[in-house]
Amino acid sequence: MVLTSAGRACMIKWPLQWWSNYPRLSCGCRKPPRASRTGLNQAINNKGDNMPKKNARVRYAPSPTGYPHVGNIRTALFNWLFARHTGGSFIVRIEDTDTARTVSGAEDVILESLRWLGLDWDEGPGKGGAYGPYRQSERLEYYQKAARQLVEQGNAYYCYCAPERLEEMRSGQIANKQPPGYDRRCRELDPHKKSGFSGECPHPVIRFKTPIEGSTAFCDELRGEVAFENRSIDDFIILKADGFPTYHLASVVDDHLMQISHIMRAEEWISSAPKHVLLYGALGYQPPRFAHLPMILGPDRSKLSKRHGAVSITQYREEGYLPQAMVNFLALLGWSLDDKTDIISLQTLVESFTLERIGKTAAVFNREKLDWMNGVYIRSLSLDDLVRQAMPFLEKYLPDSVERPLDEGYVKKVMPLIHERAKTLREIPQLVDFFFTPDIGYEAGLLIGKKMDRQMSLNALEVTLDHLEKLEPFTHDTLEQSLRPLAEELELKAGQLFGIIRVAVTGLTVAPPLFETMVVLGKVKCLQRIKQAISSLSAYTC
RNA sequence: GCCCCCAUCGUCUAGAGGACUAGGACAGCGGCCUUUCAAGCCGUCAACAGGGAUUCGAAUUCCCUUGGGGGCACCA
């Protein structure tokens with residue numbers, strides 16, 4: 001009897017004969033009564049159970065066929081959190097067994113994404129480890145050996161069917177509304193004789209000889225027992241014509257060899273899990289535990305893909321999201337701490353991350369909430385950190401007319417003014433460019449204040465200029481003491497006057513608080529811009 | 001077509017038979033603050049997919065229906 005982390009019980013008996021029917025799990029783990037779950041939990045707590053709650057060995061196994069999207073990364077994060085929570089190991093394994101689709105540079109991007117988020121790995125590329133190598137393309141011998149073993153045991157067979165034949169067969173099946181699948185023509189060929197079909201294909205593949213009868217079940221940590229009729233499982237390919245394994249064989253062999261304790265992967269893998277269970281059985285391996293994580297969906301509730309726009313995690317970095325915000329947000333997609341917490345430190349995440357609190361409902365990626373959360377994290381940054389993080393974005397996106405390199409001291413004076421206004425680092429340059437550009441262009445009509453006409457506004461600007469020229473020192477307080485009474489003198493509301501000055505000085509109707517802005521800009525520049533405003537308003541005709 | 005998974009506000013979620021008049025967050029809306037915008041604070045709108053069954057009692061357990069999603073490659 002083994003207990004799942006959810007306190008559910010599973011009894012798995014591995015048959016001596018691989019082809020005998022795998023027993024349905026007598027785990028009763030499919031939605032057991034609450035009471036019994038509680039009882040089981042107590043058993044876990046009180047007795048030394050054999051649950052590997054400690055020192056879990058989990059892996060993130062990306063395929064370098066593209067850049068990782070938020071779903072992949074969420075899977076990586078959950079694995080990482082589980083490893084750290086249990087004091088176990090987080091292993092990165094590159095599943096590069098598809099030579100045709102491998103994208104050069106993708107592996108680097110994947111690893112860089114992990115580093116960006118702070119998901120450090122204990123074993124894997126660039127790190128090594130006792131179970132390496134960690135790239136499947138460097139482990140072919142293991143898979144080939146396992147495949148040979150299966151053929152020798154009679155659990156697998158060479159298949160000489162050409163891709164064209166398979167394609168034809170598949171389209172015929174689909175046209176006839178039949179479930180697509182291999183017709184098992186080569187299943188019973190004698191492996192010791194040259195087959196009559198061998199002429200068709202010089203490089204045969206190896207297929208698994210799936211039992212025809214019975215069913216195969218496994219215990220999902222989140223859902224309980226999941227069972228499949230064997231007749232619905234194809235004689236899937238385990239070794240391709242080029243000698244590379246398919247995912248099914250490679251992941252089973254490696255998860256065994258690397259002593260992975262829990263497979264945590266996306267829900268889309270559920271339907272291939274019985275194939276893996278069958279392989280574990282045939283190879284004589286003890287299978288690890290399975291936890292199929294709920295999917296992350298696009299706004300249209302379908303599986304995340306390129307057409308959903310921003311999905312590559314690197315894109316979020318480029319768009320100015322903070323890694324800690326990203327981690328916090330992703331952690332909450334499919335997992336929760338309690339009924340009210342949404343800003344969670346990494347430390348708390350690690351301390352409290354358990355499988356029990358992972359949900360099973362697919363989640364839609366909600367960009368607005370991410371934006372809000374990113375704003376929260378930006379606001380929590382120290383000024384120095386904000387400057388450091390914003391600098392690359394300013395260097396890159398401030399208009400060309402701004403002289404480079406930027407003056408860090410000046411940036412440091414500007415940043416407090418937008419600190420609580422920025423939702424992403426990427427939008428900071430637009431928020432502050434008037435502090436940097438030599439000329440601010442704007443529509444002169446904006447200089448006309450609310451419920452005012454051109455002449456009144458012009459007059460206000462002229463009087464303001466007059467006052468400011470004499471103002472010394474040029475500080476928030478002196479500005480306030482000078483300008484507020486001035487508004488009264490002009491029989492204007494403070495907002496009316498300040499609005500005009502704001503446009504004159506920043507070119508914007510929406511900007512950081514006026515006096516702070518003017519102080520940072522400096523007296524000289526303010527006067528110069530107000531003069532410019534007076535002349536453009538003088539020339540303005542509506 | 002076949003198989004599998006899932007089902008609480010628009011979205012992310014809390015919910016372990018009585019604590020539910022269903023809680024929190026984002027978004028929306030209204031207000032306060034206020035020189036604009038933010039931030040902050042206060043308030044408001046808003047959900048147990050439907051039907052049976054079990055039970056004194058069901059968001060919670062079971063069944064069916066419906067809906068959504070995923071899978072069915074010499075891809076992972």
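Chain letters run A, B, ... following the sequence lines, proteins first and then strands; every chain starts at 1. Please read all numbers here as calculations on a predicted model, not as lab measurements. Side chains are part of it too, since the values below use all heavy atoms of this structure and drop only hydrogens, waters and symmetry mates.
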Would you call [X]-[Y] a salt bridge at under 4.0 Å N-O?
{"X": "A:Arg367", "Y": "A:Glu319", "value": "yes"}
{"X": "A:Arg165", "Y": "A:Asp183", "value": "yes"}
{"X": "A:Glu107", "Y": "A:Arg135", "value": "yes"}
{"X": "A:Lys275", "Y": "A:Asp234", "value": "no"}

Partner lookup for [N], please. Criteria are Watson-Crick or G-U wobble with both distances under 3.5 angstrom; report none if nothing qualifies.
{"N": "B:A22", "value": "none"}
{"N": "B:A16", "value": "none"}
{"N": "B:G1", "value": "B:C72"}
{"N": "B:A59", "value": "none"}
{"N": "B:C32", "value": "B:G40"}
{"N": "B:A7", "value": "B:U66"}

Practice prompt. Verify the distance criterion only: is there a donor paired with an acceptor across the side chains of A:Ser302 and A:Arg307 at less than 3.5 Å?
Written response: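 Per modelled atom types, A:Ser302 and A:Arg307 side chains form a pair under 3.5 Å.
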Item to complete: Provide the distance between the two C1' atoms, one in B:A47 and one in B:C74, to the nearest whole Å.
Response: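 Going atom to atom, C1' in each nucleotide, I get 48 Å.
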So [X], base contact, sugar-phosphate only, or nothing? Heavy-atom distance under 4.0 Å.
{"X": "A:Lys177", "answer": "sugar-phosphate"}
{"X": "A:Gly181", "answer": "nothing"}
{"X": "A:Pro299", "answer": "nothing"}
{"X": "A:Phe244", "answer": "nothing"}
{"X": "A:Ser251", "answer": "nothing"}
{"X": "A:Thr341", "answer": "nothing"}

Of the nucleotides [options], which one has an atom closest to the side chain of [X]?
{"X": "A:Val510", "options": "B:A39, B:U36, B:C4", "value": "B:U36"}
{"X": "A:Trp372", "options": "B:A7, B:A25, B:G71", "value": "B:A25"}
{"X": "A:Lys360", "options": "B:A7, B:C74, B:U35", "value": "B:A7"}
{"X": "A:Ile270", "options": "B:C4, B:A76, B:A73", "value": "B:C4"}
{"X": "A:Leu166", "options": "B:C37, B:U35, B:C74", "value": "B:C74"}

OP1, OP2 of [N] versus side-chain N and O of [X]: anything below 4.0 Å?
{"X": "A:Lys450", "N": "B:U36", "answer": "no"}
{"X": "A:Arg170", "N": "B:G1", "answer": "no"}
{"X": "A:Lys275", "N": "B:C72", "answer": "no"}

Practice prompt. Begin from the C-alpha positions of A:Arg184 and A:Asp235 and carry the test salt bridge (Lys or Arg N to Asp or Glu O under 4.0 Å) through to its verdict.
Written response: CA-CA 7 Å; A:Arg184 294 171 166 154; A:Asp235 276 7; 3.0 Å; yes
Item to complete: For residues A:Arg187 and A:Pro211, report the shortest heavy-atom separation together with the two atoms involved.
Response: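 Shortest heavy-atom separation between A:Arg187 and A:Pro211 comes out as NH2-CA, 4.4 Å.
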Discussion item. Can you tell me how the ring of A:His476 sits relative to the ring of A:Phe515, calling it parallel under 30°, perpendicular over 60° and tilted otherwise?
Written reply: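 Rings of A:His476 and A:Phe515: perpendicular, as their planes differ by over 60°.
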Practice prompt. Please work out which residues in residues 93-103 of chain A have a non-hydrogen atom less than 4.0 Å from an atom of RNA chain B and list them by number.
Written response: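 Residues of residues 93-103 of chain A under 4.0 Å from RNA chain B: A:Glu95, A:Thr97, A:Asp98, A:Arg101.
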Interface polar pairs with nucleotides 10-14 of chain B, N/O, under 3.5 angstrom:
unit_1	atom_1	unit_2	atom_2	d
B:C12	OP1	A:Val364	N	2.8
B:C12	O2'	A:Leu332	O	3.1
B:C12	O2	A:Lys369	NZ	3.3
B:U13	OP1	A:Gly334	N	2.6
B:A14	OP1	A:Ser336	OG	3.1
B:A14	O3'	A:Arg357	NH2	3.4

Worksheet item: Is it true that A:Tyr280 and A:His256 have ring centroids separated by less than 6.0 Å?
Response: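 Between A:Tyr280 and A:His256, the centre distance exceeds or equals 6.0 Å.
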Worksheet item: Are A:Tyr247 and A:His276 close enough that their ring centres sit under 6.0 Å apart?
Response: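 Judged by ring-centre distance (under 6.0 Å), A:Tyr247 and A:His276 do meet the cut-off.
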Worksheet item: Among all residues two or more places apart in sequence or in another chain, which pass the side chain to side chain contact (heavy atoms under 4.5 Å, CB included) test with A:Ala106?
Response: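 Partners of A:Ala106 by the side chain to side chain contact (heavy atoms under 4.5 Å, CB included) criterion, ordered by chain and then number, come out as A:Pro64, A:Tyr67, A:Val103.
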Worksheet item: Which residue lies toward the 5' end of RNA chain B, A:Arg379 or A:Pro62, if each is placed at its nearest nucleotide?
Response: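 The 5'-side residue here is A:Arg379.
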Practice prompt. Select from A:Ser232 and A:Lys240 the residue whose nearest nucleotide in RNA chain B is closer to the 5' end of that strand.
Written response: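 Counting from the 5' end, the first nearest nucleotide belongs to A:Ser232.
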